[in-house]
Amino acid sequence: MSDKTMVFTETEIAARVAALGRQVRENYEKILAPGEQLLAVGVLNGAFIFMADLVRAMGDLPVEVDFVRLSSYQEKDTSSAEVVMTKNIEKEISGRHVLVVEDIADAGLTLDWLIEFLKKRNPASVKVAVAVDKLARRETQVPLDYVGFTLHDGFLVGYGLDYAERFRTLPAIYEARTK
Ligand code: IMP
Ligand code: MG
């Protein structure tokens with residue numbers, strides 16, 4: 001796994017995240033009541049870098065942060081994943097506008113699970129931001145409201161994305177050749 005090809009540079013990521021942050025701010029400025037804050041919910045561990053950049057790209061939009069930690073295990077021969085939450089949100093989300101922030105949507109099962117989990121708690125809205133939308137293995141049509149980059153396939157590392165807990169801290173996104 002020493003073989004990596006650059007897919008999105010640090011400069012491209014910065015420009016894209018800045019644009020997404022502006023878009024988020026413009027949308028929520030119209031929606032949030034005076035005194036109300038957006039609640040950004042990051043999915044640990046992968047999203048922590050994207051989350052840090054995205055919330056800072058929202059300018060003066062009032063935003064509060066919270067995190068969940070999820071692990072998903074693909075069940076054999078089915079299109080379902082068993083998702084285990086090892087850290088829950090700590091804020092009350094009833095009536096709140098929630099923006100889920102995730103590193104990548106692959107099968108989509110993790111995000112699908114999390115959206116359902118959050119919706120049961122009666123938020124005012126749930127939207128989703130992902131750094132990367134990876135299409136080839138999508139199994140459930142999860143709505144993605146803010147997408148950094150779209151790509152067909154490939155195993156990515158860097159900018160929060162890991163391979164066996166390695167490479168998360170690389171500032172650019174690379175395709176790792178695992179073969
Ligand atoms: P899914 O959408 O339910 O398949 O799960 C998405 C999760 O799988 C992400 O949160 C990542 O942790 C992991 N994942 C999927 N594709 C990649 C990748 O290309 N690199 C690193 N992690 C990935
Ligand atoms: Mg993840």
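In this chain, residues are counted from 1 in sequence order. First listed ligand is number 1; within each ligand, the first listed atom is number 1. Fair warning: this is a prediction, and the values are worked out from it, not measured in the lab. Both backbone and side-chain heavy atoms feed into the values below; hydrogens, waters and symmetry mates do not.
Looking at E64 and R96, a side-chain N of the basic residue comes within less than 4.0 Å of a carboxylate O on the acidic one, giving a salt bridge. Of the charged side-chain nitrogens involved, none lies within less than 4.0 Å of a carboxylate oxygen, so that R138 and D106 do not count as a salt-bridged pair. Ion pair E175/K4 not flagged as a salt bridge, since none of the NZ, NE, NH1 or NH2 atoms sits closer than 4.0 Å to an Asp/Glu carboxylate oxygen.
The hydrophobic clustering, which links ILVMFWY residues whose side-chain heavy atoms are closer than 4.5 Å, places V7 and L135 apart.
A donor-acceptor contact shorter than 3.5 Å is absent between the side chain of R121 and the backbone of S94.
By the criterion of a heavy-atom distance under 4.0 Å, neither the backbone nor the side chain of R137 is placed next to ligand 1.
Ligand 1 has at least one atom lying under 4.0 Å from a heavy atom of G108. Residue contacts with ligand 1 include G154, since one or more of its heavy atoms lies under 4.0 Å from the ligand.
Of the N and O atoms on the side chains of Y159 and D53, at least one donor lies less than 3.5 Å from an acceptor on the other residue.
Checked against a 3.5 angstrom limit, the closest N/O atoms of L161 and ligand 1 fall outside it. At least one N or O atom of D106 sits closer than 3.5 Å to an N or O atom of ligand 1.
Annotation for ligand 1: atoms under 4.0 Å from non-hydrogen atoms of L156 are 18 (C), 19 (O), 20 (N), 21 (C). Close approach to D162 involves these atoms of ligand 1, each under 4.0 Å from a residue heavy atom: 21 (C). Close approach to A107 involves these atoms of ligand 1, each under 4.0 Å from a residue heavy atom: 1 (P), 2 (O), 4 (O).
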